[in-house]
Amino acid sequence: MTSREISTPPATPRTTPPATCSPPVPLRSGIATDWMLDPAITFLNHGCFGARPRVVVEARERWLRRYNARPIELLDRNRNELLTEAKRPVGELLGMKPENFGFVTNATEGVNAVLRSLSFRPGDELLTPSHVYNAVRNTMRHLIERAGGTYVEAPTPFPVTSPDELVNVIAEALNDRTRLVLIDHIASPTGVLFPVERIITLCREKGVDVFIDGAHAPGMIALDVESLGAAYYTGNLHKWICAPSGAAFLWVSPEKQRGIHPPTISHFLDEGLAAEFAWQGTRDITPWLCVKDAIDYLAALGWEDVLRHNHQMAMWVQQLLSEKWGVGPSTPLDGSMIGSLVSFPFPGDVSRFDDPVQLHDYLYDEHHIEIPIFDFGGQWLIRTSSQVYNTPDQYERLGQVVLDLMK
Ligand SMILES: Cc1ncc(COP(=O)(O)O)c(C=O)c1O
């Protein structure tokens with residue numbers, strides 16, 4: 001990797017006092033049966049690909065039947081009207097004007113759309129913290145190195161004790177060669193919630209654009225995209241909004257929209273962001289048409305209640321498992337640096353497993369627990385997710401299975 005070396009900032013002392021926290025009350029009885037998930041599996045991995053309630057799957061089936069009955073009508077004559085209608089609740093929920101965003105298939109595509117649209121010169125740098133998602137890392141490296149520039153991955157602490165640490169990482173790494181800073185709103189391997197507003201302010205003062213990768217943010221935290229002040233924001237709708245796989249968006253600030261195109265150039269080149277992203281060649285647009293159904297399902301539970309439930313569960317899980325496993329919390333126990341994902345260094349000796357996949361497979365095959373294990377710079381992390389269908393006993397079981405494994 002031709003990354004520039006940057007020293008890791010000193011970790012600030014851990015001062016968080018232990019808090020007592022209880023699991024949330026379920027939002028409604030029998031909520032798990034709303035979902036398509038197999039009850040034989042303890043599903044603690046909403047984070048990877050989301051999951052969908054039955055009503056969303058049924059809505060998708062209806063759209064597919066309609067498309068297959070009248071393909072030209074849906075994908076050609078009615079497309080613009082349908083997509084305008086599909087964008088409305090997304091824009092309202094996430095604070096985006098319809099002309100400033102378009103649907104994409106996933107966050108990786110959103111990142112590619114922007115980075116492939118920008119032109120980089122030899123000497124330019126693309127900067128991101130080391131909590132970056134690997135597919136995004138590869139995209140950044142590939143495109144900047146192709147232009148003769150440098151990919152800079154700033155070593156970023158984990159565990160992390162305060163937002164200041166994360167702001168300092170970026171402050172130290174910025175320089176006059178930095179063309180763009182890409183920040184995960186909520187990091188994939190570590191679940192850390194980045195102080196994106198502060199980082200955007202810092203970068204703007206230096207005249208550097210910020211791209212927020214919000215793959216996990218929509219539906220996990222309250223979000224008002226346009227007020228953040230980023231140049232670009234991509235987010236998934238198929239994770240925490242629970243839309244069908246293939247639903248995501250890319251928002252671009254009005255002053256940056258010129259020259260930003262989807263990765264697939266098609267009929268509506270240079271006709272504006274919304275027009276270009278509404279047609280990216282023949283593809284299945286039904287996941288986009290079902291986002292409204294997913295939003296309606298969660299809205300009926302109460303958005304604030306959903307966010308509070310999942311966050312409270314995550315805080316409780318953090319306390320429960322860090323104490324049980326003796327690993328110490330990876331972020332402050334007050335929950336200020338997490339949403340609904342919590343990562344822990346895997347406790348105990350993992351030498352009997354060749355790699356994280358083998359450990360994952362052991363938990364899945366032997367105990368029917370679906371949970372991801374990541375290799376984070378040589379450290380194995382286990383990451384829990386909390387969604388409305390999860391119950392405290394699932395995490396208690398995970399805690400015991402891992403303890404037994406350490407014996
Ligand atoms: C931070 C981050 N960025 C990008 C992605 C990629 O999302 P997708 O597979 O929907 O493109 C993920 C997936 O988990 C992620 O966590």
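In listed order, ligands and their atoms are each counted from 1. Throughout, residue positions are numbered sequentially from 1 according to the sequence presented.
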Between Phe103 and Phe277, is a ring-ring contact (aromatic ring centres under 6.0 Å, His included) present by the stated rule, with each step listed? CA-CA 6 Å; Phe103 285 121; Phe277 279 83; over 10 Å; no
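Ring centers of Phe344 and Trp325: under 6.0 Å apart, within the cut-off.
With hydrogens and angles left out, the side-chain atoms of His46 and Trp240 include no donor and acceptor closer than 3.5 Å.
Side-chain contact between Cys203 and Ile170 is present, with heavy atoms from C-beta onward closer than 4.5 Å. Taking the side chain as every heavy atom from C-beta outward, Thr384 and Tyr395 approach each other to under 4.5 Å.
Every residue two or more places apart in sequence or in another chain that forms a ring-ring contact (aromatic ring centres under 6.0 Å, His included) with Trp35 is listed here: Tyr297, Tyr389.
The immediate protein surroundings of ligand 1, defined as residues with any heavy atom under 4.0 Å of it, consist of Asn106, Ala107, Thr108, Tyr133, Asp184, Ser188, Asp213, Ala215, His216, Asn236, His238, Lys239.
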